[in-house]
2 protein chains.
Amino acid sequence: MEKAIEILKKNNYKVTKQRTDLLDYLGKFTVQYVSINQITNYMHTIYPGMSNNTIYRNLKEFANIGLVEYQEKDKTLVKYQCDFKNKHHHHFVCTNCGKVTELKACPIEFFTDQLPGYTVEGHAIEVYGLCADCTKKLKTAKS
Amino acid sequence: MEKAIEILKKNNYKVTKQRTDLLDYLGKFTVQYVSINQITNYMHTIYPGMSNNTIYRNLKEFANIGLVEYQEKDKTLVKYQCDFKNKHHHHFVCTNCGKVTELKACPIEFFTDQLPGYTVEGHAIEVYGLCADCTKKLKTAKS
DNA sequence: AAACTAATACGTAATAATTACTAATTAATG
DNA sequence: CATTAATTAGTAATTATTACGTATTAGTTT
């Protein structure tokens, strides 16, 4: 979590105990998402009166500086950054076990190529299905 | 709207006046999204006591049979199907004027190729930026 | 190390957005 | 036109998010 603290400081955010505890918790979720609701429940065990505002604001700020990623399909789910060296990437989400796999290649040219004169500023991509493990399990279950 | 009614029937959905009126209204939105909230307001002018349930359920059903498309980024926005001949496609959304442009090519192989052993069931893609018109306008505005 | 200050958090409430559920209504079928 | 299964109304509950004034605190300065 040292890296997260550094990034906070680098972006002129204060390092509060609420933030470090939130980041500590989020750090457990790098290959799966966790619901904001569950985060709130957990944080309330440490800070019983913690404001929703504080949680929502911090998650947004963390996302802005690349510490946290929201799930595209369901914005009530977030996870800790899984690749600090390549913050721009997309995810495969297993619909069975929830495991998240980072996608390396990003084919944005595919789209920019068919949009002459347009200014492409951003894009969202997310792929769903069964991870390799779940594919195996479900195949053998059928046979 | 004849086509929409046909598709409803083909999928064993009853053709109610609420549905036809809803589809009539949605039909105005093929190149831009409309908020569910605005839809509700409009429908209430025709059916003052119309239930939220009815609107949400119908929108979901319409989406399932390809009559309606949700915006990926903001699920409170929907639009009428813009391409019945190629229902699987993605959208570019102009962040300035809201205009939606259909993307033709879909590079899903890019992702399946890097996911050996996985079962890819679906994906969501959406591209954002300025459409050609808004790009021009904003360029000339600067110069 | 005390004081300062801008950022952050609290506490409470309001607002959206969505879903739930039962009774009443109605489209489609024969 | 009678039947029935699907659909809708009406009402309320739940979930998710935002708002805002006050209090607290991290980081800085004196």
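Taking the six-membered ring for Trp, B:His123 and B:His88 have ring centres closer than 6.0 Å. For A:Phe92 and A:Tyr128, the distance between ring centers is not under 6.0 angstrom.
B:Tyr70 has its OH atom 12 Å from the C1' atom of C:dA17, to the nearest Å. To the nearest angstrom, P of C:dG11 lies 11 Å from CD of A:Gln18. The distance from atom CG of A:Asp21 to atom C1' of C:dC10 is 16 Å, rounded to the nearest whole Å. Put simply, CG on A:Asn12 is 14 Å from C1' on C:dT8, counting in whole angstrom units.
The pair B:Arg19-B:Glu61 counts as a salt bridge, with a side-chain nitrogen and a carboxylate oxygen less than 4.0 angstrom apart. For B:Glu126 and B:Lys73, the salt-bridge test fails: no basic side-chain N is under 4.0 Å from an acidic carboxylate O.
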Per-nucleotide protein contact string for nucleotides 18-30 of chain C, where B marks a base within reach and S marks sugar-phosphate only (heavy atoms under 4.0 Å, - for neither): BBBB-----BS--
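Nucleotides of DNA chain D that come within less than 4.0 Å of any heavy atom of chain A span, from the 5' end to the 3' end, D:dA16 to D:dG27.
Taking the six-membered ring where the residue is Trp, A:Tyr42 and A:Tyr25 present parallel rings, their angle staying beneath 30° rather than reaching 60°.
The residue A:Arg19 sits close only to the backbone: its heavy atoms come under 4.0 Å of sugar-phosphate atoms, none of a base.
Defined by atom type and a distance below 3.5 Å, a donor-acceptor pair is missing between the side-chain atoms of B:His91 and B:Gln71. With no hydrogens or angles considered, no side-chain donor-acceptor pair links A:Thr54 and A:Tyr47 at under 3.5 Å. A donor-acceptor pair shorter than 3.5 Å can be found between the side chains of A:Thr135 and B:Thr119.
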